[in-house]
Number of protein chains: 2
Amino acid sequence: MKEVLAELRTHLAQVRDLAQASSVLGWDRETNMPPGGAAARARQLGTLSTMAHRLFVSDQVGEWLEQLVPYEAELGFASDEGSLIRVTRREYQKQRRVPSELVGQMARAASLGHQAWVRARQESDFGLFQPNLEELVALRLQWARCFDYEESLYDPMLDNFEPGLTAAQVRRVFDEYRPALVRLVSAISDPAVQQRVDTGCLQGDFDPAAQWELGLEALRTIGFDFNRGRQDRSAHPFTTSFSCDDVRITTRFDPGNLASGLFSSIHEGGHALYELGVSPTLDDTLLGNGASMVAHESQSRLFENVIGRSRPFWRFFYPALQARFPQFKSVDLETFYRAINRVTPSLIRVEADEVTYGLHIVLRFELEQALVDGTLVVADLPEAWNAKMEAYLGIRPPNDALGVLQDVHWSGGMMGYFPEYLLGSMLSVQLYNQARQEIPDLESQIETGRLDGLVAWLREKIHRHGSKFTLGELTDQVLGTPLSPQPYLAYLHERYGEIYRL
Amino acid sequence: MKEVLAELRTHLAQVRDLAQASSVLGWDRETNMPPGGAAARARQLGTLSTMAHRLFVSDQVGEWLEQLVPYEAELGFASDEGSLIRVTRREYQKQRRVPSELVGQMARAASLGHQAWVRARQESDFGLFQPNLEELVALRLQWARCFDYEESLYDPMLDNFEPGLTAAQVRRVFDEYRPALVRLVSAISDPAVQQRVDTGCLQGDFDPAAQWELGLEALRTIGFDFNRGRQDRSAHPFTTSFSCDDVRITTRFDPGNLASGLFSSIHEGGHALYELGVSPTLDDTLLGNGASMVAHESQSRLFENVIGRSRPFWRFFYPALQARFPQFKSVDLETFYRAINRVTPSLIRVEADEVTYGLHIVLRFELEQALVDGTLVVADLPEAWNAKMEAYLGIRPPNDALGVLQDVHWSGGMMGYFPEYLLGSMLSVQLYNQARQEIPDLESQIETGRLDGLVAWLREKIHRHGSKFTLGELTDQVLGTPLSPQPYLAYLHERYGEIYRL
């Protein structure tokens, strides 16, 4: 049995090497590649994806998995190797349904789509991206039809990022969360209430080089290891992992807005800590990344918001910001704290406050479902986007760059990802509450810049397991309860009720 | 037949995509990768190399090539497709002899070797690199033994970079060249003669950012297209191609020496123009790169030296240098021209003048042969290096970083490459002489910054063919004569005889 498992591992390591190579090519495309490189890069990524898929779904893998059934039981559920067999089988059964050629076709379309999106966004012209998006949506639908699904073609798309998640589940959680959220947004939107927070200090002229340095300092503070990763610039911030010892994050800066780049760095830093914390023993298998996108976003949103916009963090980090931007020497910490937590409808999701953020997600969730069930065609997407922005947030994007073209996801053919941001935000609060119970002096640790206690706790509870466990298995183990919107709502009411004196 | 060829092409395009992906991973390793990434990167490159090799040497490729024999004759020698079949067959017959596992093993060892070399060079400690180099040499010998060779195990190593080249041929050319070279070096080394050139203007404190900008300007001047490539920094300058529309070069700067980074940029720029000039119709095949290393070095050395250190080029480009480094406003062009052409024994090959350069190559050629025939072991390499430096150039490296650790090649397991630099230098002069005959006003074009005429000529004669033709076939077509050291010697005597008033 050990020999069979060893053969399987050797085989899967090749699949993994191809996937990691694809990640390097994707990273280079978004950070360094000159425009001329686009066509060849799409071909290269198509070939790597097809080959990785073909290797993974080979009959041989199925035979090994079959032979390993008794050994799996013997190894036990929580063991690395038992998990490897279990998760590989789950993924194998899914991936077997998809033709390898389609996988390559999607990778090529995604690579070309990304280039088209970058240009369309620069020129704020949806038309430049529309044909690509039409192809990407058609391919994603073709892909989704490979699977059995109970209710909606959207289910396999969700399952792709969050195993087991369905549209019905998302709807149930969002339905529980939305009414309370709408009441909170409405209370804060009262003009008399809005006046209670002044964000003047965050507007101005902020040297990008100093912003870059401040971002690096924030990353060092949360524990990002620059011997095992780096930060670069890209059109849309992202995190990618070439191994558990080489994790890359990207960011972008707005010279007129200090918060934008800083919180983007901290957000991606949260993702990176997860990938850097995966046990090296899993690195050559498909267990070597974070468990799921909800699990991942729980880490990024935890660092970006729960910690990154908290008083304890800024009691420690504010002097570093003041040293790089001396204009803040005349701004007291409390004014700054309230400014970075201002709640107000805005156009860009990644720069939205925590409270209105949920409405950006609901909008995308609804649009994606409409694209999938055919009630919306790609050509009508910009107008549908703008109409929903007006309905939910009361503001209308002045152009496509600030509207439908703002997010990178669709350009890569990713649909069914956005809900995970919000579910991840919910989980981040549950995790933080749990950590506070288990680390009684957590806040005073953070106040003195010591985040290693929290990171060690997250590593022990979440990171090191890679994708051994599903989200449900993780929450059972770590929290003893499932994911729920209630702690998140309580957190939002507490933090923003205090700031806005509601 | 067309269908068979189409199947072969589709298959080879996958091999090509894997090879180009490997190039991206190699580039990233040398420009961006954090230290932690080394182990996984070696695994990834090993897997990609093994898979590319296995795909290429599959029985199926052999069957296709067999079936295509009659069609090849029909297509004709000079056609793209006839050449594709011919060159693929030649490479197939070579590569079939090597086990795919050995290819992967060599790629892994090269990747780890490179990391070890970077560290060893930084710390100037050969011991840190010695075990890697021992493994790399052993693997290269194991690889060489896969081939039939008439005289020396060194022959397959030369053939690897320059198809058909043998140690005996190299020796014949070097033997013809060396006596005249030694006389020239000796004449210039006379202290009274040495005084005739003053290089004071090249020493000083040169802002690396301004050097970077000047390098970019030089690249633009020779016609490098930044929409289809970019320049980055690395420990050792190199050029790599991810497609004929995405060619990357790297450089490094010495704050105390203006010539070092500038001529390195121009050298790599010459390589890049070659790769950028390959016909796009060849890009998805193994014909899509330069013909051979001698052909390649003929381009880089042509731009670096024949043009890059010539009066006509500097008549145009000197004001750009003076604008970035105002201290040169008081240095006349003639003084500068003589300074950049100073001939004097020095430690570093890539910074050596054109005349003594050949001795650096002879040294490496002899050491590599000694490693191959077993008369030298890796542990004794530093001392053997230093002894030869004293014998040939009269100077002894004060440490390994300035001696045996200076070049990147061995760290990647490359042996048999160095002679091609010198052969390429010889060819560069033959090509330039030919271009001058065919473009009568070439020098006045260069004097006005118009290098497009020369680049178009090189593209027509050399670049566009990719590796359709061997070096011998190319020189037949372009020059009507084979490669020879005599024009190069005449050029050296003319240029340096004039500068040193010999």
Side-chain angles (χ1 to χ4, degrees), chain A residues 10-29 31-52 54-55 104 107-108 224-232 241-248 272 276 280 283-284 288, chain B residues 10-29 31-52 54-55 104 107-108 224-232 241-248 272 276 280 283-284 288:
Chain A
T10 304
H11 187 84
L12 293 178
Q14 293 183 315
V15 178
R16 179 97 178 134
D17 286 335
L18 288 172
Q20 291 176 336
S22 288
S23 298
V24 178
L25 269 62
W27 172 86
D28 175 74
R29 183 188 64 206
T31 52
N32 290 305
M33 190 179 76
R41 185 55 49 89
R43 282 202 315 265
Q44 294 149 6
L45 283 165
T47 294
L48 291 181
S49 302
T50 298
M51 291 185 70
R54 199 172 284 152
L55 267 183
R108 273 190 299 278
F224 185 85
D225 178 355
F226 285 91
N227 283 312
R228 298 164 60 219
R230 49 180 285 141
Q231 180 174 261
D232 291 86
S241 161
F242 308 154
S243 87
C244 66
D245 287 316
D246 187 358
V247 177
R248 312 281 176 101
L276 289 165
D283 199 35
D284 61 347
Chain B
T10 304
H11 187 86
L12 293 178
Q14 293 184 315
V15 178
R16 179 95 177 135
D17 286 335
L18 288 172
Q20 291 177 335
S22 288
S23 297
V24 179
L25 269 61
W27 173 87
D28 176 74
R29 182 189 65 207
T31 52
N32 289 306
M33 191 178 76
R41 184 56 47 89
R43 282 202 315 265
Q44 294 149 7
L45 282 165
T47 294
L48 290 181
S49 302
T50 298
M51 291 184 71
R54 199 173 283 152
L55 267 182
R108 273 190 299 278
F224 184 86
D225 178 356
F226 284 91
N227 282 314
R228 297 164 60 219
R230 51 182 284 140
Q231 180 174 259
D232 291 86
S241 161
F242 307 154
S243 86
C244 66
D245 287 317
D246 187 357
V247 177
R248 312 279 177 102
L276 289 166
D283 200 35
D284 60 347

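A, B, ... follow the sequence lines: proteins, then strands. Residue 1 opens every chain.
Inter-residue side-chain proximity for B:S243 and A:R41 is flagged as unmet; no heavy-atom pair is nearer than 4.5 Å. Two residues are said to be in side-chain contact when any heavy atoms from C-beta on lie closer than 4.5 Å; A:N32 and B:T31 fail this criterion.
Within residues 21-29 of chain A, the residues having any heavy atom closer than 4.5 Å to a heavy atom of chain B are A:A21, A:V24, A:L25, A:W27, A:D28, listed by residue number.
Looking at residues two or more places apart in sequence or on another chain, you find a salt bridge (charged side-chain N to carboxylate O under 4.0 Å, His left out) between B:D283 and A:R43, B:R16. Applying the side chain to side chain donor-acceptor pair (under 3.5 Å) rule to B:D225 yields no partners; only residues at least two apart in sequence or on another chain are considered. Under the side chain to side chain donor-acceptor pair (under 3.5 Å) criterion, B:T47 pairs with A:D17, not counting sequence neighbours.
Neither the backbone nor the side chain of A:L45 comes within contact range of chain B, judged by heavy atoms closer than 4.5 Å.
Judged purely by atom type and a 3.5 angstrom limit, A:Q14 has no side-chain atom pairing as donor or acceptor with the backbone of B:M51.
The candidate with the highest count of non-hydrogen atom pairs below 4.5 Å against chain A, out of B:V247, B:L18, B:N227, is B:N227. By number of non-hydrogen pairs under 4.5 angstrom with chain A, the leading residue of B:R248, B:Q20, B:M33 is B:R248.
Heavy atoms only, all atoms of each residue included: B:G36 and A:R228 are closest at CA-CG, 4.4 Å.
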